[in-house]
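Please read the structure below before turning to the comments.
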Amino acid sequence: MGTEGLNQGPRGLTSYMPVAITESFASLMARLSAEKPAVEQAHNALLSERYDLSDRPPQGVTMDRTKPFRRASASN
């Protein structure tokens, strides 16, 4: 890597994004707030596709000292 400039090479000089802020905080906040539901929906869809997060413990499986196996819940 050299110091010739940002656009040198396939990825540029660095993988960091520029820090120059070109929009106001209010505009940025409004834009990101509007995008949040779609981002959360896409994230939850990906989690549901990859993992089975339902609380269905396997039958006949026990932990130490015959305690029934149970997944930890969000309230614990």
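Every heavy atom of this structure was used, including side-chain atoms; hydrogens, water molecules and symmetry mates were not. A quick note: this is a predicted structure, and the numbers were derived from the prediction, not measured.
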Next item on the list: Please write out which residues are connected to Phe25 in a hydrophobic cluster, directly or through intermediates, given that two of Ile, Leu, Val, Met, Phe, Trp, Tyr count as joined at side-chain heavy-atom separations below 4.5 angstrom.
Entry: Met29

Checklist line | Exceeds 12 heavy-atom contacts within 6.0 angstrom, atom CD of Glu23 | finding: yes

Item checked: Atom CG of Leu32: over 12 foreign heavy atoms under 6.0 Å -> yes

Notebook entry, point to check: In Å, rounded to the nearest 0.5 Å, how long is the span from CG of Leu47 to CG of Asp52?
Noted result: 12.0 Å

Check: Who passes salt bridge (Lys or Arg N to Asp or Glu O under 4.0 Å) against Glu35, sequence neighbours left out?
Finding: Arg31

Item checked: Atom pair OG (Ser27) and CD1 (Ile21), whose distance is rounded to the nearest 0.5 Å -> 12.0 Å

